[in-house]
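So that the names make sense, note that chain A is the first sequence line, chain B the second, and so on, each numbered from 1.
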Amino acid sequence: MNATALPTSSLPTSRDENWKYANLRAVEKASARPAAAPTAADVTIARAALPASVAGVSRLVFVNGSPVDALSDPAALQHPAVQIRAGNDAQLAPTPPLPANAAADFRYGAVNAASATHAVTLTPGRDATLDLELLFVTTLNAADGAAYPRLVLEAAPNSRVNLIERHLSTPGITGLTNAAARVMLGDGSRLVWTRIQQQAPTAQFIESLHVTLGASAELALQNVALGGQFARTTARIELAGAGARLALHGLALADATRVVDGYVHVEHLAAHTRTTEIFRGITGGRGRVAFNGHITVNASAPQSESEQSLRGLLAGALCELDLRPQLEIYTDAVKASHGATSGKLDDNMMFYLLSRGIDPDTAQGLLKWAFLEDVVSQIARRDLRSQIEAQIAARLGDVPVAAELL
Amino acid sequence: MLKVDNLHVSVAGKAVLKGLTLEVNAGEVHAIMGPNGSGKSTLSYVLAGRPGYEVTAGTVRYDGQDLLALAPEERARAGVFLGFQYPVEIPGVNNVYLLKAAMNAARKHRGLPEVDAFEFLTLVKDKMKLMQMDEAFLSRGVNEGFSGGEKKRNEILQMLVLEPKLALLDETDSGLDIDALKIVARGVNTLRSPERAVVLVTHYQRLLDHIVPDRVHVLAKGRIVRSGDRSLALELEKRGYDWLTQDAA
């Protein structure tokens, strides 16, 4: 079974409502054939792309969708809650299907399920703690086939998981990564999930995340999208158990002609569920950042709360921002607030900094940096945050400013 | 030090300053008073280089150079400081970083090396004591969550750290209670020296009880209509501005 199992005619196009800002041409042109296992040369160049280890966190490394033990930590490989298995979703334990109304947005996710050559499955037991970093590196160009990283996390009740997930690439690659994650959080469990996509600005990247939270489960998700000629995140997060809580902090940067697109659908399905959703995007050049924050509070979710703040910054004359807060409420007794603002750098802030003798480039850099602070400050691990800040600084082109701030 | 000659300024096509002339020498403190809408804030902004203020006629010389030809950041580095009437909040940029970046920009301009980190912190903490500010302010975002009075004190703190040659203080007294007013005045007074000049823009004479000016000017309808010594401020306190603005019409 491979990508051809799903006819390409059923894949989303920019005519689909939730995909209208996507730029799928290059994705469609890139080979969707699952990439061959990495060669020794691939592993050597992938190694050079790896960031420093985060203190106290062991790591698993995948290259072009395949696990590479030589780059992974033995502690992670031997961990009883960690399994890496070869095969696609049907050959392994199939993940439960999506509701019909969501399936249309998850067609790339279905391609991942059918095409993934490996899956990493995490099953922390009741009351257990798991700290892990997953690094997915691609070295693929458009003709080389695609990488299909696949993660399944089943957290038992009251478990604690700190998961770092990074998507990286070697410089200049043009190939496709189609990633997917299925996450099921048991009652009372807690997942802190820090994700960073920092592939080359020439890469094609699509990911599908489907998360279900049980009663009183908590998810703190930080999603940092920096790379890709085209990058798309499709997420569906179900607050299925009473008292489940989600804190989502997302950040996206797009310059040149890059497009970074996100669609996050949060479904409140049970009473007393709570969502905080913060998104900050900066676009420059002819870039485009799109983010659709869709929150549904169903009739089954009275006494729920949702708070949403989407903000975008236009750092050029030809760039584009499309922020869409979308709130649907089907029950009374709900507290909900949402807001979206797009704008340029604040003239008053800019003049204030200039009036203190700070040069215009530094002042701009500082203000962009400050704009992202609401999201970056959520990353609790200092060394990880420093690494991510350095990545952001490099992508913003304000390295001297950041170097002083870090 | 500052010589403003026949300055005409328009904002969004509307003439606000209409032939303002003013000379401030080193070592002097000048107070600019006047009714609402007379152009007091416009004068501060145009001297500091805020975009959107179009100079249609006149000249401004500062320390022998054409001030209007300099970009805002160049004016600051040359020693011009504007204390804002409404200091903006910049969450995410912390105070100590701003102070250090501003200080180093000025030092670089004078060909000096970057300030030593220890010396810098000692200096800042010293000035904070004078302004009765909690050290916790340093790590907070610029003016973030500060009360009106704290913002004004923070402006004066920045001024004390940067030691400008020419300080333009735009209604620094507005929104201050009497204790905060005294603290701010003390800060300004410590900066007074024969090499420096201060221009205070204010509505009220009460600030001038604490910072005694050498000259007082009344700005009305875009021009200076009366200048005098400190007694002019006291007269304004008694009589208001009407008797002067009628003359200006």
Heavy-atom contacts under 4.5 Å, residues 115-135 of chain B to chain A | none
B:Arg75 side-chain N/O to B:Leu70 backbone N/O, donor-acceptor pair under 3.5 Å | yes
Is a donor on one side and an acceptor on the other found under 3.5 Å between the side chain of B:Glu144 and the backbone of B:Phe146?
-> no
N/O donor-acceptor pair under 3.5 Å between A:Thr276 side chain and A:Ala247 backbone = no
Side chain from CB out, backbone as N, CA, C, O: work out which of these in B:Leu162 comes under 4.5 Å of a heavy atom of chain A, or both, or neither.
-> side chain
Does any heavy atom of chain A fall under 4.5 Å from the side chain of B:Pro164, the backbone, both, or neither of them?
-> neither
Ignoring hydrogens and angles, tell me if any N or O in the side chain of A:Arg245 forms a donor-acceptor pair with the backbone of A:Leu219 under 3.5 Å.
-> no
With chain A as the partner chain, list the residues of residues 147-160 of chain B whose heavy atoms fall under 4.5 Å from it, by residue number, and write 'none' if nothing qualifies.
-> B:Glu155, B:Gln158
For A:Gln387, the option from A:Arg166, A:Arg382, A:Arg381 that meets side-chain hydrogen bond (donor to acceptor under 3.5 Å, both in side chains) = A:Arg166
Pair A:Tyr263 and A:Phe291, ring centroids less than 6.0 Å apart | no
Kindly check if the number of other-residue, nucleotide or ligand heavy atoms within 6.0 Å of CZ (B:Arg107) is above 12?
-> yes
How about A:Tyr21 and A:Phe230: are their ring centres within less than 6.0 Å of each other?
-> no
What parts of residues 48-65 of chain B touch chain A if we use heavy atoms and a cut-off under 4.5 Å?
-> B:Ala48, B:Gly49, B:Arg50, B:Pro51
Where the side chain of A:Gln229 meets the backbone of A:Thr257, is there a donor-acceptor pair that is under 3.5 Å apart?
-> yes
With A:Ile164 as reference, evaluate A:Ile388, A:Leu384, A:Ile196, A:Val192 under the side chain to side chain contact (heavy atoms under 4.5 Å, CB included) test and give the passing residue.
-> A:Leu384
Quick one: list whatever passes side chain to side chain donor-acceptor pair (under 3.5 Å) with A:Arg288, sequence neighbours left out.
-> A:Glu320, A:Asp322
